[in-house]
Colleague: 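The following block contains the structure, expressed as structure tokens.
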Amino acid sequence: MERNEQIISAGIDIGTSTTKLILSRFTLMNTAGSSHVPRIEIIDKEIIYKSSIYRTPLLNETLIDMKSVLGLVEQEYKKAGVRPQDIQTGAVIITGETATKQNAEEMLHLLSEQAGEFLVATAGPDLEGIIAGKGSGAFQRSKETGQTIANIDIGGGTANIAVYQAGLLRGTCTLNIGGRLIEFDNDRVKNISPPVRKLLMQLGITLATGDGVSFDFIRPVTEAMARILVHILQRKMTRDDEVLLLGHPPDWKVPIDQIMFSGGVSECIYGHEPSSDSYADIGVHLAKALQDNPELQDWEWIPPAETVRATVLGAGTQTTHISGATIQVDPARLPLKNLPVYQIGMDRNLEDGSQKVKNAIQQAIQVYDPALEGKNFVLYLTDLPFLRFRDVQQLGNWLIDAYRLQPNQTNPIVIVLQDDLAKVLGQTLLAMQSDRDVICIDQILVEQGDYLDIGNKLQSEVVPVVIKTLAFHS
Amino acid sequence: MNTELIETITKLILEKIGDTSEEKEVPPISSDSGAGMVKLWDHLSSENHYMAAGTEKAADPYSALNSDELVKLWGQAESPETNIPCSETAVEDTILPELQTRIGVSSPLNAEALQDSVTKTPARVGVGRAGLRPKTETWLRFRLDHGAAVDAVYGNVPEELLESLKFFSVSTMADHKEEYIRRPDLGRKLSEQAKMTIREKCQFKSKVQIIASDGLSSQAIEKNLEDVYLSFLQSLDQLGIGYGTPFYIEKGRVASMDEVGEILEPEVVVLFIGERPGLISSESLSVYLCYKPRKGTIEADRMVISNIHTGGIPPVEAGAYLGSVVQKVLKYQASGVSLVHKEG
């Protein structure tokens, strides 16, 4: 038997209130029979290190203390006995209100460069919800039971909802509901976040920083948050509820069977972590309001596998995919980061293929490289018919031709295929000697508008791939 | 028995069943509104078309039975057709039409779960039953698939295909198919004529000697050889690995490569050979590789990549992958279990 390859994945979550890190070890195995073309899969994920939960270091209200965050990560790596170069995959996620800090993007990119060669930078409220739902166990549970589960990850700044039905993502929604939206300093109000100011106005409550802490405003605010959450889950959002909505309204179209709470506020409900550090904010009260809301009790509450660590666990263990085993990649060109995906569906035939391919490349350039600065993208080829060798040659010709439209001809041609055809197409493109490097991988499911990161080639001849729904909302 | 006729009739009936089920996808607007609502197959007319039938529904027991069943079936599972991967239905020239009514169970307890299981395998699961027996469609398909398997064994690879790929043809000691099937040993030995021909025509001591053989499925060669072979050559060219003169062995077995190894002494023999057909596919191709095969080579030193066909690993991709396997065999100077040992 061949020995199974192991890789180390890191997950780092920089949230509104807390920052944490986990390291896990993935075991890859060829699960195809010995007489078949190999199929490499992740067969085991073992958490090898969990950091403590740290308060997110901030310089002031608008800046993250990047030096301290980096120092924190370095210190945790040392404790775990790994070096940045040992990390082969994983994701850094910047969540909640921290994502709105001025240097958030800079922080992400700094970390993804310094803390491992293929550590992917991710952000965006939808992605947060999706990742948290995987880390909390909601995704897995829905897959096993076939139920529709809403995972509600409530941290310091936002509540990120992801709805999974039988293992399929049905929709997301993000609300400005979090423990840290009103902060206290001893017995005084220290800070009120802008969305909560609006909510207070709507509720007819006057509150300013420096006022005394009182249930007179805490209770109405947390109760309103619980009420708005109920409306969102029921898909009965009113105009008043929009005050706490961040981004799009709920987009799932199925009724929810069960709910699961994860994130820091759920920690106040379930108490998984030993420390009872006080955060001097409304977190505990929000947890109480959720528990006391009678309408939320209409759904069955499923305790999460992870509370405050759900997102970091999701980022560290659920973001990596493995490509097909027969691929064609130029190792010198890897890793590739943050490439947007442009999809061409071939409708199961090659008629007008030449024009279709050309149009697609033209449009991809228009969308992703409008200023013709030479920004690259991934071409995602789907719904191909059964291809004979001569069809592959023809397709190769069309692609080479169309790719001449790209302004920067030194960029590699990056193609992702739905079907198991990457090696032959990659070899065909190379055989046509277009002087361009080729990265051609397959058996990865992505969507138009996703962003893709492709890692270094592993010993098993596969590449790790991280798919992100959106890197940064501008 | 005229096998062609049987196949034609079977196909006709299957098509008819397919057509009726398509018709039935449109839910009957109202069953009691009389004529024109139930469509029957007009088997008396030379032009095949449906005729409207109302009260005489029971007159044709076959159609009536079928339509009843199908109405129920389509009512239960929401258009199961959409769940069939298109790649399979798009293949037009296959001799095995896809099962169009994948869920055959009339009133499944959990249609979604059953559909999920059914789409995971080409095996005949969830086909339902009629009393103690299989349903007509299931049974006919079984017969058709079995017929196709038999045809694949007894068929011949067209000359034009071999000529177009520049494969010359030699035979083994097996004279005819019956003998080939009964005497596997004869399929492993080249005829004297064959030995002479390959000595004469082939490059001696090449790096890679490519051979094709019908084995137990001529269909496998007919459908897949061109794609897998051309793609394989492209990958060899890219890796800078040279290859000798390819040829075709009629009625050959896997171990026929041993004699080729003796005569031509290539470093690696790559043999494309038709697999024993099954009821899922009769056109599945295998590739056997062996480092310096000789008489007495043990089976553990051969390696195989199987399941190459439209519904398995795509032939073009298999060919592209094969180059890297040959590269590995050449690097370690071993194949099969020995290769695994050497790789560590």
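Chain letters run A, B, ... following the sequence lines, proteins first and then strands; every chain starts at 1.
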Colleague: Is it the backbone or the side chain of A:Glu461 that comes under 4.5 Å from a heavy atom of chain B, or both, or neither?
Modeller: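 Contact with chain B: none, neither part.
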Colleague: Given side chains that start at C-beta, do those of B:Pro314 and A:Leu421 come closer than 4.5 Å, heavy atoms only?
Modeller: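 Yes, their side chains come closer than 4.5 Å.
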Colleague: For residues B:Tyr321 and A:Pro38, determine if any side-chain heavy atom of one lies less than 4.5 Å from a side-chain heavy atom of the other.
Modeller: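 Yes, side chains in contact.
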Colleague: Determine whether B:Glu317 and A:Asp442 make a side-chain contact, defined as any pair of heavy atoms from C-beta on separated by less than 4.5 Å.
Modeller: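 Of all side-chain heavy-atom pairs linking A:Asp442 with B:Glu317, at least one is under 4.5 Å.
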Colleague: Does any non-hydrogen side-chain atom of B:Pro315 lie less than 4.5 Å from one of A:Phe386?
Modeller: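 Of all side-chain heavy-atom pairs linking B:Pro315 with A:Phe386, at least one is under 4.5 Å.
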Colleague: Specify the closest pair of heavy atoms between A:Arg388 and B:Lys223, including all atoms of both residues, with the distance to one decimal.
Modeller: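 Reported closest heavy-atom pair: NH2-O, 4.3 Å.
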Colleague: For B:Ile305, which atoms come within 4.5 Å of any heavy atom of chain A: side chain, backbone, both, or neither?
Modeller: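 When you check distances to chain A, atoms from both the backbone and side chain of B:Ile305 fall under 4.5 Å.
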Colleague: Could you check whether atom CZ of B:Arg276 has more than 12 heavy atoms from other residues, nucleotides or ligands sitting under 6.0 Å from it?
Modeller: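 It does not: B:Arg276 CZ has 12 such atoms or fewer within range.
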Colleague: Need one label for A:Val37: side chain, backbone, both or neither, based on atoms under 4.5 Å from any heavy atom in chain B.
Modeller: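 Both the backbone and the side chain of A:Val37 come within 4.5 Å of chain B.
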Colleague: Looking at A:Gln448, I'd like to know if its CD atom is crowded, meaning that more than 12 non-hydrogen atoms belonging to other residues, nucleotides or ligands lie closer than 6.0 Å.
Modeller: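 Yes, CD of A:Gln448 has more than 12 neighbouring heavy atoms, counting only those of other groups under 6.0 Å.
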Colleague: Among A:Leu387, A:Asp391, A:Thr428, who wins on heavy-atom pairs under 4.5 Å with chain B?
Modeller: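 Heavy-atom pair counts peak at A:Thr428.
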Colleague: How long is the straight-line distance from CG of A:Leu425 back to OG of B:Ser231, given to the nearest 0.5 Å?
Modeller: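 The distance works out to 10.5 Å.
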Colleague: Under 4.5 Å, counting heavy-atom pairs only, tell me which of B:Asn307, B:Leu230, B:Ile308, B:Val304 racks up the most with chain A.
Modeller: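 Highest number of heavy-atom pairs under 4.5 Å: B:Leu230.
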Colleague: Would you name the heavy atoms of B:Gln238 and A:Gln427 that are closest together and state the gap between them?
Modeller: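 For B:Gln238 versus A:Gln427, the nearest heavy atoms are NE2-O, 2.8 Å.
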Colleague: Mind checking the CG-CZ spacing from B:Leu233 to A:Phe389? Nearest 0.5 Å is all I need.
Modeller: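 So the CG of B:Leu233 and the CZ of A:Phe389 are separated by 8.0 Å.
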Colleague: Quick check for you: to the nearest 0.5 Å, what is the distance between B:Glu275 atom CD and A:Ser35 atom OG?
Modeller: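 Taking CD in B:Glu275 and OG in A:Ser35, the distance rounds to 8.0 Å.
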Colleague: Looking at A:Glu447, I'd like to know if its CD atom is crowded, meaning that more than 12 non-hydrogen atoms belonging to other residues, nucleotides or ligands lie closer than 6.0 Å.
Modeller: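 Not more than 12 within 6.0 Å, no.
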Colleague: Give, as side chain, backbone, both or neither, the part of B:Ser324 having an atom under 4.5 angstrom from any heavy atom of chain A.
Modeller: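 Answer is side chain: those atoms of B:Ser324 sit under 4.5 Å from chain A.
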Colleague: Other residues, nucleotides and ligands only: do more than 12 of their heavy atoms fall within 6.0 Å of NZ on A:Lys143?
Modeller: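 For A:Lys143, atom NZ is not crowded (no more than 12 foreign heavy atoms under 6.0 Å).
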